[in-house]
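Take a look at the structure set out below.
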Amino acid sequence: LLSRRHKNLLMSRCHLFLVLIGKLLSSSSILRLVYLYQYLIQHTDSEHQLSTAELTRILKEKYGITYARNTISNDLIVLRESDLHICYTASTQNKYYYDGQPFELGQLKILADAIAAAIFINTYISRQLIAKLLTLTNEENAMQLRRHVDVEGFVKSESRAGYGSVDVVNSAIDLHRKIQLNYADYDAEKNLILMNNGLPYTVSPYELFWDGDFYYMREFCDERMQMRNIRLDRIFEEPMLLNEIAALPLGDRHDGFVQ
């Protein structure tokens with residue numbers, strides 16, 4: 001017969017074992033739901049629906065998860081009742097899909113084409129932006145978009161700054177601060193040259209605006225003592241935000257600026 005002390009120890013260990021098993025089962029269930037939800041997001045929409053049988057086979061092949069017939073149906077009910085944009089089409093074999101993508105395929109195509117055609121964004125950064133844009137849809141749609149979007153056919157900026165210059169300029173406008181930048185242009189032989197003898201300009205930026213095919217910044221240049229509109233694609237490297245209050249040109253009024 002076990003002593004009271006040994007019985008208590010055994011009971012304690014049994015309780016710990018049951019708690020651990022419960023945690024493992026809970027973790028396993030959560031992991032199973034995560035993989036199921038992830039696959040639905042990445043591979044389905046109203047045009048690409050999957051049955052429970054197809055999902056069971058795919059999840060076993062892709063993740064090594066073995067599903068009982070009723071378990072996957074129960075998991076799909078949990079996802080649907082949790083307002084996670086899981087929908088289904090009723091049939092002899094219900095078909096399930098994710099319906100929460102923020103953009104339609106046509107909308108993504110328009111955005112991707114706009115990035116590809118934007119002159120002020122260089123080729124490398126254009127590819128990066130389009131790749132990020134394609135994560136907003138499932139893999140099937142992303143593959144289709146990749147086949148139809150090409151940045152190679154467009155004239156692109158040679159600027160090293162890319163859209164990083166937009167962030168710096170926006171920050172400067174919000175904080176009413178000056179920035180320092182190198183500005184480039186092309187000579188008669190189409191060679192890229194730095195203006196101001198290679199020295200940076202110190203400018204007070206006021207706004208960014210799109211005109212025709214180019215992105216411009218409205219600014220006051222300290223070196224030239226005049227207002228200018230300059231092209232963002234000609235800013236050679238990412239500008240530097242300065243700890244100087246931006247100038248307020250005479251005759252202009254801008255809230256928050258100090259003259």
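This structure is a prediction, so every number in the text was calculated from the model and none was measured. Basis for what follows: all heavy atoms, side chains included, without hydrogens, waters or symmetry-related copies.
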Exercise. Between atom CG of Leu134 and atom CZ of Arg146, what is the distance when rounded to the nearest 0.5 Å?
Worked result: 5.5 Å
Problem set entry | Matching residue for Arg32 among Thr66, Thr71, Asp75 - test: side-chain hydrogen bond (donor to acceptor under 3.5 Å, both in side chains) | Asp75
Exercise. Taking the side chain as C-beta and beyond, is there a heavy-atom pair between Glu244 and Arg177 under 4.5 Å?
Worked result: no
Problem set entry | Minimal non-hydrogen separation, Lys178 against Pro205, with atom names | CA-CD, 4.4 Å
Problem set entry | By ring-ring contact (aromatic ring centres under 6.0 Å, His included) - contacts of Phe209 (at least two apart) | Tyr216
For this session: With sequence neighbours left out, write down each residue that passes side chain to side chain contact (heavy atoms under 4.5 Å, CB included) with Glu81, or none if nothing qualifies.
Result: Ile77
Seminar exercise, completed: Those residues at least two apart in sequence (or on a different chain) that pass side-chain hydrogen bond (donor to acceptor under 3.5 Å, both in side chains) with Arg224 are Tyr201
For this session: Evaluate the side-chain proximity of Asp113 to Ile110: yes if any heavy-atom separation is below 4.5 Å, no if none is.
Result: no
Exercise. Is Leu133 close to Leu136 at the side-chain level, that is, under 4.5 Å between some pair of heavy atoms?
Worked result: yes
Exercise. Which residues satisfy the side-chain hydrogen bond (donor to acceptor under 3.5 Å, both in side chains) test with Asn74, sequence neighbours excluded?
Worked result: none
Exercise. What distance do Leu59 atom CG and Thr52 atom OG1 have between them, rounded to the nearest 0.5 Å?
Worked result: 11.0 Å
Seminar exercise, completed: Between Leu181 and the options Leu232, Thr202, Asn196, Val203, the side chain to side chain contact (heavy atoms under 4.5 Å, CB included) test singles out Val203
Seminar exercise, completed: Interatomic distance, CD@Gln101 vs NE2@His85, rounded to 0.5 Å, equals 9.5 Å
For this session: Please indicate whether Glu104 has more than 12 foreign heavy atoms, meaning atoms of other residues, nucleotides or ligands, lying under 6.0 Å from its CD.
Result: no
Exercise. Applying the 4.5 Å side-chain criterion to the ILVMFWY set and letting contacts propagate, would Leu31 and Ile58 be lumped into a single cluster?
Worked result: yes
Exercise. Does one hydrophobic cluster hold both Met217 and Leu175, with members joined at side-chain heavy-atom distances below 4.5 Å?
Worked result: yes
Problem set entry | Which residues share a ring-ring contact (aromatic ring centres under 6.0 Å, His included) with Tyr67, sequence neighbours left out | none
Problem set entry | CG-CG distance between Leu40 and Leu84, expressed to the nearest 0.5 angstrom | 10.5 Å
Problem set entry | Pi-cation contact, Phe214 with Arg231 (under 6.0 Å, within 45°) | yes
For this session: To the nearest 0.5 angstrom, please state how far the OG1 atom of Thr135 sits from the CD1 atom of Ile130.
Result: 12.5 Å
Could you tabulate the donor-acceptor pairs under 3.5 Å formed by side-chain atoms of residues 89-96, not counting sequence neighbours?
unit_1, atom_1, unit_2, atom_2, d
Thr89, OG1, Gln49, OE1, 2.7
Thr89, OG1, Gln49, NE2, 3.3
Ser91, OG, Gln93, N, 3.4
Ser91, OG, Gln93, O, 2.5
Asn94, OD1, Ser91, N, 3.1

For this session: Can you see which heavy atom on Asn138 is nearest to which on Ile41, and at what distance?
Result: CB-O, 3.7 Å
Problem set entry | Where Ser204 and Ala247 come nearest, the two heavy atoms and their spacing | OG-N, 2.8 Å
For this session: Examine Ile125 and Trp210 and state if one hydrophobic cluster contains both, with Ile, Leu, Val, Met, Phe, Trp and Tyr joined whenever side-chain heavy atoms are less than 4.5 Å apart.
Result: yes
Seminar exercise, completed: Closest heavy-atom pair, Tyr97 versus Ser46, reported as atoms and distance to 0.1 Å, is CD1-N, 3.5 Å
Exercise. Are any non-hydrogen side-chain atoms of Tyr183 and Ile230 less than 4.5 angstrom apart?
Worked result: yes
Exercise. Nearest 0.5 Å, what's the CG-CD1 distance between Asp99 and Ile86?
Worked result: 9.0 Å
Problem set entry | Exceeds 12 heavy-atom contacts within 6.0 angstrom, atom CD of Glu47 | no
Seminar exercise, completed: Sorted by chain and residue number, the ring-ring contact (aromatic ring centres under 6.0 Å, His included) partners of Tyr39 (sequence neighbours excluded) come out as His43
Exercise. What about Leu194 and Tyr186, same hydrophobic cluster or not, with Ile/Leu/Val/Met/Phe/Trp/Tyr joined at side-chain heavy-atom distances under 4.5 Å?
Worked result: yes
Seminar exercise, completed: When every non-hydrogen atom of Pro239 is compared with those of Ile179, the smallest separation belongs to CB-CD1, 4.1 Å
Problem set entry | Within one Ile-Leu-Val-Met-Phe-Trp-Tyr cluster: Tyr215 and Tyr124, side-chain cutoff 4.5 Å | yes
Problem set entry | Residues forming a side-chain hydrogen bond (donor to acceptor under 3.5 Å, both in side chains) with Arg228, sequence neighbours excluded | Glu219
Exercise. Got a sec, which residues hit side-chain hydrogen bond (donor to acceptor under 3.5 Å, both in side chains) with Asn182, two or more places apart in sequence or on another chain?
Worked result: none
For this session: Apply side chain to side chain contact (heavy atoms under 4.5 Å, CB included) to Thr137 and list each qualifying residue two or more places apart in sequence or on a separate chain.
Result: Leu108, Asn141, Ala142
Problem set entry | Transitive ILVMFWY cluster of Leu242, excluding itself - 4.5 Å side-chain cut-off | Met240
Exercise. Taking C-beta and beyond as the side chain, do Tyr98 and Asp45 meet within less than 4.5 Å on heavy atoms?
Worked result: no
Problem set entry | Partners passing ring-ring contact (aromatic ring centres under 6.0 Å, His included) against Tyr63 (at least two apart in sequence or in another chain) | Tyr35
